[in-house]
Amino acid sequence: MRIPCPYCGPRDAHEFTCLGDATLTRPDPAAPDAASAFHDYVYRRDNPAGPHRELWYHGGGCRSWLEVTRDTRTHAITDARFAADRSSAAQGTEDRP
Amino acid sequence: MRYSFLSLLANAVSGQRLWTPAWRDAAPKPSYDAVIVGGGGHGLATAYYLAKEHGLHNIAVLEKGWIGSGNAGRNTTIIRSNYGLPGNIPFYEWSMTLWEGLERDLNYNTMVSQRGILNLYHSDPQRDAYARRGNAMRLHGVDAELLDREQVRAMLPFLNFDNARFPIQGGLLQRRAGTARHDGVVWGYARAASRLGVDIVQNCAVTGFLRDGERIVGVETSRGPIHAPKVGLAVAGHSSHVAHMAGLRLPIESHVLQAFVSEGIKPLIPNVITFGAGHFYISQSDKGGLVFGGDIDGYNSYAQRGNLPVVEDVCEGGMALMPRIGRLRLLRGWGGVMDMSMDGSPIIDRTPIPGLYLNAGWCYGGFKATPASGWCFAHAIARDEPHPAAAAFRLDRFATGHLIDEKGVGAQPNLH
Amino acid sequence: MTAPTAQNTGPSRRLAKGGLIDRSQPLEFDFDGRPLSGVAGDTLASALLANGVTLVGRSFKYHRPRGILTAGSEEPNALVELRSGARREPNTRATMVELYDRLSATSQNRWPSLEHDALSINRLAAPLFGAGFYYKTFMWPAALWERLYEPLIRRAAGLGRAADHEDPDRYEKATAHCDLLVIGAGPAGLMAALTAARSGARVILADEDFRLGGRLLSDAPEVDGAPAPLWVDRVLGELASFPDVTVMPRTTVFGVYDGGTYGAVERVSDHRAEPLPWQPRQRLWRIVARRSLLAAGAIERPIVFGGNDRPGVMMAGAMRAYANRFAVAAAREAVAVFANNDSAWSAARDLSRLGVRVAAVIDVRERVDPALTAPLAAAGARLMLGSRVIATSGKRLSVVEVLTGGKRETLKVDGLAMSGGWSPTVNLTCHLGSRPVWNDALSAFLPGSLPPGMTVAGAANGRFGLAACLADGAASATAALADLGFAVPSAALPRADDDPAGLIPFWHVAESKGAAFVDHQNDVTAKDIAIAHREGFRAVEHLKRYTTLGMATDQGKTANLTGLAIMSALTGKDIPETGTTMFRPPYSPVAIGAFGGSHRGKAFRPTRLTPTHGWATEHGAVFVETGPWLRAQYFPRPGERDWLETVNREVTAVRTGVGLCDVSTLGKIDIQGPDAATLLERVYINGWSGLEVGKARYGVMLREDGMVMDDGTTARLGPTHFVMTTTTANAVKVFQHLEHALQVLWPELDARIASVSDQWAQIAVAGPKARETLARIVDAPFDLGNAAFPYMAAAELTVLGGLRARLFRLSFSGELAYEIAVPARQGDRLVRALMDAGAPFGITPYGTEALGVLRIEKGHAAGNELNGQTTAHDLGLGRMMSGKKDFIGRVMSNRPGLRDPDRPALVGLRPLPPGARLRAGSHLIPVGQPTDAANDQGYLTSVAHSPTLGHAIGLALLAGGPRRIGERLRAVDPLRNEEVEVEVCNPVFVDPQGEKLRV
Amino acid sequence: MSDSRLNSVRHGRADGAAGVRATPLHHRALATLVAGRGQTAALAERIGTRFGLCLPTTPRRVSSGSVAFVGVGPGRWLAMDETGDGLAFETALVEAAAGHASATDQSDGLVLLRLSGPDLRRALAKGIGIDLHPAVFRLGDAATTPFALIGTTLWRIDGGGHAHDLTVEIAVARSYAADFLQALTEAAAEFGFDLHPTARG
Ligand SMILES: Cc1cc2nc3c(=O)[nH]c(=O)nc-3n(C[C@H](O)[C@H](O)[C@H](O)COP(=O)(O)OP(=O)(O)OC[C@H]3O[C@@H](n4cnc5c(N)ncnc54)[C@H](O)[C@@H]3O)c2cc1C
Ligand SMILES: NC(=O)c1ccc[n+]([C@@H]2O[C@H](COP(=O)([O-])OP(=O)(O)OC[C@H]3O[C@@H](n4cnc5c(N)ncnc54)[C@H](O)[C@@H]3O)[C@@H](O)[C@H]2O)c1
Ligand SMILES: Cc1cc2nc3c(=O)[nH]c(=O)nc-3n(C[C@H](O)[C@H](O)[C@H](O)COP(=O)(O)O)c2cc1C
Ligand SMILES: [Zn+2]
């Protein structure tokens, strides 16, 4: 599997580590439902069979955290971008697979 | 036909014509008292114990492909009860006990082979962690021994003791552990369940749930709707997917684990060995192939196959541990899609949805659990209460914080 | 070793002329101890045949005599142990071994000899040993499985023997990149590579054979009006002229992986007795290809009939290859041919032309093109159309029984060439999970949906004619390259003819007498398939697993299709509905050593050395592997009896004088920027904003699930500049964690981090004399006094006359202590200077062992306590958790399961019997209660002998923890059969008030 | 540099010219430069003014005089000065960046080697997974990628020799340097490997 790092170019996946679901957003710790929101954030996953947005860390290269869109049935990668560049608008409204 | 030496003999003289199907390949009925989704080891064992222990005979196991096509048919066959946490030990030990009587119970040779498992350690902290675990086992009445380097050398002289990056210091040995013939377990349970009247329905994928308000009252399948007041899920790597059809979001990710077999050779490896300084474990099948594996690939996958870096990583471990296997050839590699739960331990529980029961999250270790998982899941379905041996495997433990995290790596499934 | 036997030999079967061999280069070799000779260009199989050796091995289950079936990597039968001693390679296909001088091979799975094998009596019991028999028996009595049945089965199974010693050869791995990877160098692959090369693309052409040309070498057709090998040489010559074209013979592409990555193994030295100096035995390639072209050809399949496994029965295409390529007649007297298709007639024609007597051609078809039959009829062969072979006999084939025109007839032949048609080699197209699709016209599976970037050409794509293969190779390469934007010059195709390829599907001779083998290696017969059918194992994957069809070392390359065709006939479902079993990598078996590459022995994983490694070596340090590092564990002195004596001395030196220890392995992270303090606030449980410049603070980090992740001290060097230390074990993890916080969680923060773990050599100087020691190396006017530089102070300064340094007044040992850092290249100088400076105080280097004792005496949690299962509360650090801010892990730490006051928490333990020793990993049981799980209240995490206190001490995680101080418990260790009564105490054994570190 | 071949030690194949040569680069000041959030452009301007070069935003090496910057990540550079001392260079960078970035001395954290030779690409292919073909990895290109299991950063420079000879400089963390050299020696042995003796240790 090769991940097209937006900085380094395509690299073998073994240079990266995967952290999983990138659609999750760390909840507001001050919200009244923080306990259950954190439970969902830390533990529950959509785990889709199909396109999956996920976080990969390019530890063997530029040390960027990337948000990669990858199909979990075929491993085909359709997008990879810097996680830091996620616009705050996109964070909330992205449709979930 | 009951299997015995006599039946073999009778067939030998009849030209093998007397055999009958090991299990009935049933067509689905419109309704059952309970259906189990998933014809892997766990689903079939659940059905068997539901029939045998709880008297439920009007039940079906629904399998989307052929039985045993999932992880039951692709695991490295290790059975053991060398766990360290109180939530786990009694359960796996109960499984071990059931393994020890399985062949006679099922009248099927599942080739349970108590050849022992040796977990090697390579540092003092690792020894201490094994000591903690081994002592916990002993307190639960489970056999365990701590070997030092020389004892390991005497047992397995062919390991790399003298030129190692991480020298072997000793190992934790469970002699009662070993292997069982994975496919045989599936077929043995299927045959035994079928004989008790269970319908085993292959090529029948569950595609949705029948609901009566909140309650689940059956399933939609590729072969039509099937009604049942109780539905048990035992779909291993696909738990999230199937539970999602019922509106449940689980603390599970699906990951792929690869395994490998070498060309067949004369006996070389007497037991099960795990490397403590790399991702590698190995045993030898009765057919002669070295069966080995290592770490999971590390990313969500439903592809039932893996990639090259893990093949390399596993073989690097193999060569570091036993460099005499260098000229043996890797014959075949494959992958299985597993439920990696968020604390590395399974779930056997009712769900918040009435009528729906869940058996999931077995990670890479559910083969050994097959008998007890079936036993305890049958109990939960039949009696609507957890079996004491599986009482810790609750779905709400992530919310309450009563985690069962043997490795202590936290909510990161690809590290368990 | 087997005594040479008269039977397994014969006069030379080498044809007088022809063949792609070099008769001027004779090669000596031996088989089962018997000296034989061959020539360069031979395989072991062709050389054995040339010597008349037709019995080569014994089968898996029934130990039937077996010969050579094929001439390629699909070989199921002719498996030998190649080489000997540490280089022994079991199960080696004789058909794939390139003959070299002094090669030595041994037959396997037989005892006492190949000719007379005791276990061949298994054949008599064959009626008992039907498919799956072992599932039905050996259950009584239970205890006998492990003791009797299983060892018997294991010994009988398993073919060859592994080497007795470590593999002496080297392996390596490498990565290659190309525009087009061409897999297979037959006509299709060669044309493809040439086309691509001419368009300027970067091309890799790989073939598992040592000689390129594929079937062109075996079929000996003409290309461009000349013998095919000449054309091949011309093509190879042209390919060699392109700098970006790599031709890789002896290289099997074994697997297709995601992202256009292909696995291949190059057998660099297998054609030599031993690798040349500096050469590996094999090299594993990861080939990254923008496009690939599979031109892997096709594999001929057998027909299932009685006695089809007898030595002397061979694939027709193989017999043709032995004759054309190797100039070997597979039979001495005469051959018969049994087929359902035209290609076998071409084979018969070639054999006949080369002087092998073809006694008969038996074809199940009623009509065959006269153009094919006429030459054979003219050469005197009997044409037996509409006929089939039903049995064979002879230890080596001597008689074939044919059913023809309703009658049985016998033919005296010592060779039988069979052909059931050709199966395109689609294996690699399926490695990403797709299935091949059945083609009725060709009676074969063709590639289904392809891996991204792959196309298929030639026979692998169902093009069985030579002209068609050449054209397909060129066209497929053109298309692939055009897709990549290359302008492909058009060129004329070489001229060639298409061999006829007519066929009617035919799998199994129903009238067979005797065992009719489907899977030759695993001894699966047509009858076994019938048993599987009867017992309900009808799904192909069940059939495979129940009978082991296709599970042998050849993965059923010749067997699978016939097996499922027979099942399909039994169930009445057609072949597409019956389906195939799954192809998996590797395409053919690959040495485990090759996958391991150079990562074995000490080179299994990289080793990191500390800046003082050389100095420590000089001082006799014993080193220990801690993660990637080698660290000094202790520094024994002459006369010390054991490590404990050494460690006691080192600890005492620290407590009473001064010691030093290299702590450079700790992770060090430079954190700068306006939000540096905010970052610390969010990753640590305690407060940071108020930390003064020039001060350090101990911090604890949690995972988001509330468990402790790491701890360490962080110093503030400037208003927006911190340097963080992590534990050695978690250095990489913490860095990644901070990057996660900065890039994923809070990208708005402006904090900049850089790892400086390798930049600084850091040495702990600890003990009452630490200040005096340091005073001798710090440059004036730096004031080391307690007031100017108190506990937890941090400073940048110079030492040794202008050497840049950082000084932290930290203490892991509980003594007056410092950590001093200098640029790594100066670490050696620093340690020597400190040794000099401390000499008057008896400065003592100490290693990780003493470090551990010192920290246990001081009650500091470390790796054994930070095991990922403990919370800050568990470790007695709960008070540090700030209530005023959010930090990673705060919310989840409040779950009831994590706040339970009965959770195991950190305590100290001391043994009550003075002099008793403690064991880490022991569990804690109340006095007077039974030793069982119900009374298990915790366990010992770390233990040490404290030379300071003169007895053993331990840290433990005990249910209820500190509130049980003073209680007596039993520390039980059933594993080592030990038990000690202990008293629960404060985990800080030495100087609980912390006075010493503040002096 | 060329005279370094004279006092090199040969490893591996002994006959013929060495296929791979390695020379340590001892006296360089090195520093990590990390831009502040959203300040890359401002930083580039400052660095440009101060050092007379254009700070690369991709993995490339850009140099001017004795100073060079190698892109190692978004907003991250490995800066080097052939003449400077580490602390002085760090200070110069801090001053130049004027708050838009942080600089950290790494002169001791990394070991630098210059590698060259006709077989260098083949030798590096045994450890490095990226494509080092001269048409792909061009003069001035840089990459951060592991050699086998050891992290490295390398950049292609003009070796001044044959055009087809790849010449690179490679940086390895100091604690891994001995192991890296060991692995490189093994990879290059079949081609003949000239190693300047001071590269060890
Ligand atoms: C490579 C590998 C090695 C392993 N090694 C070991 C080991 O050595 N020891 C050990 O203890 N464990 C091991 N495991 C884990 C073990 O195999 C699994 O935990 C266990 O088999 C899971 O339970 P099961 O047998 O019921 O699962 P499965 O056999 O996977 O059964 C689940 C079934 O559900 C079916 N299904 C899925 N979705 C549907 C649907 N919608 N409708 C109908 N049916 C459906 C699937 O087709 C499948 O047959 C290993 C796993 C792998 C992948
Ligand atoms: N008359 C017939 O019925 C018939 C049937 C099939 C083939 N043929 C003839 O066979 C030839 C087919 O040409 P082609 O070019 O398609 O194939 P080929 O069989 O000539 O060449 C295939 C090559 O691929 C190599 N190979 C296969 N798998 C490989 C792998 N995984 N890695 C590396 N190498 C691998 C083989 O060693 C072989 O050299 C033609 O000459 C054709 O006429 C004839
Ligand atoms: C314990 C075990 C032993 C195996 N031994 C063999 C073997 O000897 N030969 C073989 O071809 N496959 C062997 N396999 C692998 C199977 O052929 C198959 O790859 C695996 O069951 C996964 O199925 P799949 O490849 O069809 O997806 C073995 C599998 C397991 C789990
Ligand atoms: Zn990158």
Side-chain angles (χ1 to χ4, degrees), chain B residues 3 5 8 12 16 19 21-22 25 66 103 108-109 113-114 125 128 131-132 134-135 138-140 146 163 165-166 183-184 263-268 286-288 303 305 307-308 311-312 315-316 318-320 323-334 400-402 405 408-411, chain C residues 89-91 127-128 130 135-139 150 153-154 157-159 161-163 166-167 257-258 263 531 534-536 539 542 545 553 584-585 589-593 595-596 599-602 604-605 625 703 705 707 863-864 867-869 895-898 920-921 923 932-933 936 939 974-975:
Chain B
Y3 293 153
F5 190 69
L8 274 180
Q16 310 281 355
W19 300 121
D25 192 19
W66 37 279
E103 278 134 12
Y108 203 87
N109 188 356
S113 168
Q114 294 182 287
D128 296 346
R132 171 193 172 193
N135 279 325
R138 293 283 287 265
L139 292 178
H140 280 86
L146 197 66
N163 180 34
R165 175 69 183 81
F166 300 103
D183 290 326
E263 295 181 347
I265 49 159
K266 294 292 177 203
L268 174 71
D286 286 339
K287 252 181 71 194
R305 61 179 176 79
N307 271 300
L308 193 50
V311 189
E312 296 180 36
C315 293
E316 286 168 7
M319 287 301 286
R324 74 160 64 177
I325 64 174
R327 305 178 94 84
L328 302 178
R329 299 183 196 88
L330 189 154
L331 170 65
R332 188 176 171 101
W334 61 94
T400 63
H402 294 97
D405 185 353
V409 296
Chain C
E89 291 153 31
N91 307 340
L128 270 178
Y135 298 114
K136 299 169 187 156
T137 182
F138 302 134
M139 286 177 272
E150 187 174 46
I153 291 177
R154 295 185 82 186
L159 302 174
R161 299 161 303 157
E166 167 163 357
D167 188 344
Y257 300 92
D258 287 310
I531 298 179
R534 220 163 276 140
E535 296 193 57
H542 277 154
R545 287 161 178 77
T553 67
R584 297 276 180 212
V590 177
I592 294 171
F595 283 113
H599 299 285
R600 53 190 273 206
K602 297 266 191 225
F604 167 54
R605 291 292 175 255
E625 299 77 10
R703 302 188 306 230
D705 70 352
M707 297 294 172
N864 283 13
N867 61 9
Q869 300 167 330
R895 285 177 289 171
L898 275 66
H923 284 242
D932 62 18
D936 186 359
Y939 66 99
L975 282 175

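Below, read A as the first sequence line, B as the second, and so on, with proteins coming before strands; counting in each chain starts at 1.
- Both the backbone and the side chain of B:Ala22 have a heavy atom closer than 4.5 Å to some heavy atom of chain C.
- C:Arg534 places a side-chain N or O within donor-acceptor distance of the main-chain N or O of B:Gln16, the cut-off being under 3.5 Å.
- For chain C, the nearby part of B:Leu268 is the side chain; its heavy atoms alone come within less than 4.5 Å.
- The greatest number of non-hydrogen atom pairs below 4.5 Å with chain B, out of C:Asp258, C:Asp936, C:Thr137, is found for C:Asp258.
- Residue with the most contacts toward chain C among B:His402, B:Glu103, B:Arg332, B:Arg138: B:Arg332 (heavy-atom pairs, distance under 4.5 Å).
- Residues C:Arg154 and B:Asp286 meet the side-chain proximity criterion, which asks for heavy atoms closer than 4.5 Å.
- For the set B:Pro125, B:Gly318, B:Gly288, B:Ala12, the count of heavy-atom pairs under 4.5 angstrom toward chain C peaks at B:Ala12.
- Here the side chains of C:Phe595 and B:Leu330 are in contact, with some heavy-atom distance below 4.5 Å.
- Per-residue heavy-atom pair counts under 4.5 Å with chain B were compared for C:Pro585, C:Ala163, C:Pro896, C:Pro589, and the maximum is reached by C:Pro589.
- Side-chain contact between B:Thr400 and C:Arg895 is absent, with no heavy-atom pair separated by less than 4.5 Å.
- Ranked by non-hydrogen atom pairs under 4.5 Å with chain C, the options B:Leu146, B:Leu308, B:Asp128 are led by B:Leu308.
- Both the backbone and the side chain of C:Asp932 come within less than 4.5 Å of a heavy atom of chain B.
- Contact of the B:Asn135 side chain with the C:Pro974 side chain is registered, since non-hydrogen atoms from C-beta on lie closer than 4.5 Å.
- Within the cation-pi definition used here (under 6.0 Å to the ring centroid, within 45° of the axis), B:Arg165 does not qualify as a partner of C:Phe604.
- Considering every non-hydrogen atom in both C:Ile592 and B:Cys315, the closest pair reads O-CB, 3.8 Å.
- Comparing C:Pro90, C:Ala539, C:Gly536 by heavy-atom pairs within less than 4.5 Å of chain B, the highest count is held by C:Pro90.
- C:Asn91 approaches B:Glu263 most closely through the heavy-atom pair CB-OE1, 3.0 Å.
- Residues that satisfy the ring pair (Phe, Tyr, Trp, His ring centres under 6.0 Å) test with B:Phe166, not counting sequence neighbours, are absent from this structure.
- Judged purely by atom type and a 3.5 angstrom limit, B:Lys266 uses its side chain to pair as donor or acceptor with the backbone of C:Ala157.
- Residue contact with chain B, scored on non-hydrogen atoms closer than 4.5 Å, involves the backbone and the side chain of C:Phe138 alike.
- Under the ring pair (Phe, Tyr, Trp, His ring centres under 6.0 Å) criterion, B:Trp66 pairs with C:His542, sequence neighbours left out.
- Closest non-hydrogen pair, B:Arg327 versus C:Asp167, comes out as NH1-OD1, 2.7 Å.
- If you measure heavy-atom distances from C:Leu159 to chain B, the contacts under 4.5 Å come from both the backbone and the side chain.
- Closest non-hydrogen pair, B:Gly326 versus C:Ala591, comes out as O-CB, 3.5 Å.
- Proximity to chain C involves both the backbone and the side chain of B:Asp405, based on heavy atoms less than 4.5 angstrom apart.
- Taking OH of B:Tyr108 as the reference point, atom NZ of C:Lys136 lies at 7.5 Å (rounded to 0.5 Å).
- The candidate with the highest count of non-hydrogen atom pairs below 4.5 Å against chain C, out of B:Asp25, B:Leu8, B:Leu328, is B:Leu328.
- Here C:His923 is the residue among C:Arg161, C:His923, C:Arg600 with the most heavy-atom pairs under 4.5 Å with chain B.
- Side-chain N or O atoms of B:Asn307 include none that pairs as donor or acceptor with a backbone N or O of C:Tyr257 at under 3.5 Å.
- What you find for C:Ala162 and B:Ile265 is that their closest heavy atoms are CB-CD1, 4.0 Å.
- In this structure, C:Arg584 and B:Arg305 have side chains that are in contact, with non-hydrogen atoms separated by less than 4.5 Å.
- At a threshold of 4.5 Å between non-hydrogen side-chain atoms, the residues B:Arg132 and C:Asn864 do not count as touching.
- With B:Asn163 contributing its side chain and C:Gly601 its backbone, the two residues share no donor-acceptor pair below 3.5 Å.
- Heavy atoms of C:Arg545 lying under 4.5 Å from chain B belong to its backbone as well as its side chain.
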